[in-house]
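To start, the structure itself, in structure tokens.
Keep in mind that this is a model prediction, so the values were computed, not measured.
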Amino acid sequence: MAKTLAGATVVDTPAALAEEAADLFVRTAADAITGRGRFMVALAGGATPRGLYARLAAEPFRARMDWHRTWVSFGDERCVPPTDPESNYRMARETLLAHVPVPPGQIFRIDGEAADAARAAEEYERRLRAAFEPGLVRFDLILLGMGLDGHVASLFPGSPALDEKDRLVIAVETRAAVVAKRITLTPPVLNAARRVLFLIAGAEKARSVADVLRNPASSLPGARVRPTEGVVTWLLDRAAAEGLR
Ligand code: 6PG
């Protein structure tokens, strides 16, 4: 049974988290397609969304989605080839994209293997700007996770990327992760979304989750995600919500 704690929806297990997220995903897609004719989504990387992607790739959720009217982007990518086990694209392809009929031209992969990550970020930004209405890159749904240190997408605590105001996609380098070089969406595009969905599981995330949701002065990147004309939904398993009691 889902409960609400500090504004977050809390379910018992990671499996229930995937189920709840899949339901919200298909409902958000249906609303977008009814209202605007297509569904623009940015997927998250890391391990947590695997369960969601596997759910979406199987019935009943697979048949509830209009995949032909779905455009898939990524919130961030590690600077590795798409075949690398660390690639967010690879994870999404294996768990979801290889199993659903999204037209290949509607899947916007970040060029993680590019020799010049800054150029790849510029190129991705150009591609996003061209896909949306001029001047407004507004996703219907951006999925995000949260790292142990509180990073979201590849926006790490203390990073100057958190203060980016103009660029929508940038290359970053961090000592806090196994793959140091990354390409990420920036706060302006996260905060232009119609809906952001945080998907977080595990006791090791509880402290960062509590800081973002309970501490009004939190400096963690998650606290910067406040869509100006959209909603943010926090979906947690019981372990990740432990610090909210
Ligand atoms: C990435 C991410 C990242 C991720 C968190 C949580 O590429 O690493 O997109 O922001 O969402 O690190 O990852 P886990 O789900 O693996 O804990």
Side-chain angles (χ1 to χ4, degrees), residues 13-26 28-29 39-58 61-62 65 67 70-114 117 120-121 124 127-128 139 141-156 169 171-172 174 176-185 189-190 193 196-202 204-205 221-222 235-237 240:
T13 60
L17 190 76
E19 185 86 11
E20 191 82 18
D23 189 63
L24 187 58
F25 189 103
V26 297
T28 306
F39 174 48
M40 307 296 277
V41 61
L43 301 182
T48 312
R50 281 175 172 273
L52 162 63
Y53 299 163
R55 275 296 193 329
L56 291 171
F61 295 107
R62 187 179 186 279
M65 279 292 299
W67 297 107
T70 298
W71 268 253
V72 177
S73 300
F74 289 81
D76 73 329
E77 185 55 280
R78 292 95 180 260
C79 289
V80 294
T83 49
D84 192 287
E86 292 289 340
S87 162
N88 285 338
Y89 170 78
R90 175 177 167 168
M91 187 279 279
R93 183 176 52 78
E94 288 181 350
T95 53
L96 174 63
L97 301 174
H99 313 289
V100 296
V102 179
Q106 292 173 203
I107 299 174
F108 293 5
R109 181 174 79 78
I110 299 175
D111 189 4
E113 71 275 34
Y124 202 67
R127 202 164 178 203
L128 292 183
F139 281 98
L141 178 64
I142 298 180
L143 295 175
L144 291 176
M146 194 157 80
L148 291 187
D149 59 359
H151 74 262
V152 300
S154 284
L155 300 167
F156 287 80
V169 188
V172 296
T174 174
V178 184
V179 181
K181 287 191 178 178
R182 286 147 175 263
I183 293 170
T184 184
L185 299 187
V189 65
L190 301 182
V196 172
L197 172 58
F198 279 97
L199 205 57
I200 307 176
E204 66 282 9
K205 308 281 178 71
L235 210 48
L236 313 173
D237 77 347

Close side-chain approach of [X] to [Y], heavy-atom, < 4.5 Å:
X	Y	result
S73	R127	no
I200	T48	no
F139	L190	no
V179	D84	no
D111	Y124	no

Atom of [X], atom of [Y] and distance for their closest heavy-atom approach:
X	Y	result
M65	A29	SD-CB, 3.6 Å
A22	R55	CB-CB, 4.0 Å
G150	P221	O-CD, 3.4 Å
P49	G46	CD-O, 3.7 Å
A114	A120	CB-CB, 3.7 Å
C79	A117	SG-CB, 4.0 Å

Approximate separation, where rounding is to 0.5 Å, of [X] [atom1] and [Y] [atom2]:
X	Y	atom1	atom2	result
L199	E20	CG	CD	10.5 Å
I110	S87	CD1	OG	9.5 Å
I183	L185	CD1	CG	10.5 Å
M91	L43	CE	CG	8.0 Å
I142	M40	CD1	CE	11.0 Å
W67	L56	CH2	CG	5.0 Å

Quick one: list whatever passes side chain to side chain donor-acceptor pair (under 3.5 Å) with R62, sequence neighbours left out.
none
Sequence neighbours left out, what passes side chain to side chain donor-acceptor pair (under 3.5 Å) with D76? Give chain and number order.
N88, S154
For A176, all residues meeting side chain to side chain contact (heavy atoms under 4.5 Å, CB included), sequence neighbours excluded
D149, F156, T174
Just to verify, what does Y53 make a ring pair (Phe, Tyr, Trp, His ring centres under 6.0 Å) with, not counting sequence neighbours?
none
Listed partners of F25 passing ring pair (Phe, Tyr, Trp, His ring centres under 6.0 Å), at least two apart:
F39
Between the side chain of R78 and the main-chain N/O of E86, is any donor-acceptor distance below 3.5 Å?
yes
Side-chain donor/acceptor of E77 to backbone N/O of Y89, under 3.5 Å
yes
Less than 3.5 Å apart, which donor and acceptor atoms pair up between the side chains of residues 99-108 and the rest of the protein, not counting sequence neighbours?
unit_1, atom_1, unit_2, atom_2, d
H99, NE2, E94, O, 2.7
Q106, NE2, H68, O, 3.2
Q106, NE2, T70, O, 2.8

